[in-house]
Amino acid sequence: MTTPVLRVESLCKSFGGVHAIRDLSFDVSEAQILGLIGPNGSGKSTTVNSLAGLFPITSGAITLGGARIDGMAEYDRVAHGLSRTFQTASTFAEFTVREHVVLGCNVTRSSHPLSSVFGIGRKAGEEEALARRVDQILEITDLMQVQDHRVGTISSAQQRFLMIATALASNPKVILLDEPAAGLVSHERKTLSDLIKKIRDLGTSVLVIEHHMALIMEVCDRIVVLNFGQKIAEGTPEEIRNNPVVIDAYLGEAA
Ligand SMILES: Nc1ncnc2c1ncn2[C@@H]1O[C@H](COP(=O)(O)OP(=O)(O)OP(=O)(O)O)[C@@H](O)[C@H]1O
Ligand SMILES: [Mg+2]
């Protein structure tokens, strides 16, 4: 038994009278790809937003690397090793691709965000380590050839990969990906699934929300299925594919 890197226990989140998440528990193990699937409005984004700290949860506990993070501010969770991307791309158009990734490396509140881009307050050794890390990230996200291009000029698929690259820059224990395949065509989805596996193989666990079933079934080690804010199934892709409750609630409709 490996200890989970991320543990969600009895998570509840209500918006006024809407119970978006009810009593949700699951674990993400070290170097594991966990998929979170379910119909529209089943609570997937609410789960990711609760983990990332976009809003306070109603009740429950979230533990990362043994530390309770559910009371922490968003940036403290990033500093503790939880990084995320959004369902829609959000980037800074005027930065170069490389600068944008470097920006993601600065996760502590004590320094100004732009100090990372301009290298203020870093020692020579740190500078080199950072450059190597950024190179590795640009390499695996397939962005090396556009590293000096302005973010506003790269393709929308490259912008999506850049969001993942920026989230990886803080060297997270867990990365949360909300619909990373949205808007990608077939060969770009292949690049994405290769990237997700590379992220895991480099030691970062991945929690991925996705409607694209072929991608989910191909990359995930385990899958959690939500319906109306509750977990209705959990298992390997094979178990989920053949689970009658899941087929009834979701896969039937998706197929
Ligand atoms: N900020 C909010 N205020 C009020 N209700 C919300 C809010 N965010 C989500 N909800 C409600 O919570 C429920 C779960 O929504 P959520 O966005 O988490 O679903 P989802 O599984 O991500 O859906 P999709 O597949 O469409 O992205 C829905 O009923 C939604 O209307
Ligand atoms: Mg969503």
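Every number for a ligand or one of its atoms is a count from 1 in the order of the listing. Note that this is a predicted model, so its numbers are computed, not measured.
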Task: Residues Glu238, Asn242; criterion side-chain hydrogen bond (donor to acceptor under 3.5 Å, both in side chains); working and verdict - done: CA-CA 6 Å; Glu238 202 51 36; Asn242 298 311; 3.3 Å; yes
TODO: Apply the test side-chain contact (heavy atoms from CB on, under 4.5 Å) to residues Val206 and Val174: give CA-CA distance (whole Å), side-chain angles for both, the deciding distance (0.1 Å), then the verdict.
DONE: CA-CA 6 Å; Val206 182; Val174 180; over 6 Å; no
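The distance criterion of under 3.5 Å between nitrogen or oxygen atoms is not met by Phe15 with respect to ligand 1.
Look at Gly38 and you'll find every heavy atom at least 4.0 Å from all atoms of ligand 1. Residue contact annotation: Glu179 has a non-hydrogen atom under 4.0 Å from ligand 1.
Residue-ligand proximity, Ala20 to ligand 1, at heavy-atom distances under 4.0 Å covers atoms 12 (O), 13 (C). Atoms of ligand 1 lying under 4.0 Å from any heavy atom of His211, numbered from 1 in the order shown and given with element: 25 (O). Here is the list of ligand 1 atoms found below 4.0 Å of a heavy atom in Thr46: 9 (C), 14 (C), 15 (O), 16 (P), 18 (O).
Between the Glu30 side chain and the Gly203 main chain, no donor and acceptor come within less than 3.5 Å of each other.
Tyr75 and His80 share no donor-acceptor pair across their side chains, judged by distance under 3.5 Å alone.
In this structure, the separation between CG on Leu162 and CG on Asp142 is 12.5 Å, given to the nearest 0.5 Å.
Cation-pi geometry between Lys13 and Phe55 is met: the NZ or CZ atom falls under 6.0 Å from the ring centre, inside 45° of the normal.
Checking Asn40 against the Mg ion (ligand 2), every N/O/S atom stays at or beyond the 2.8 Å cut-off.
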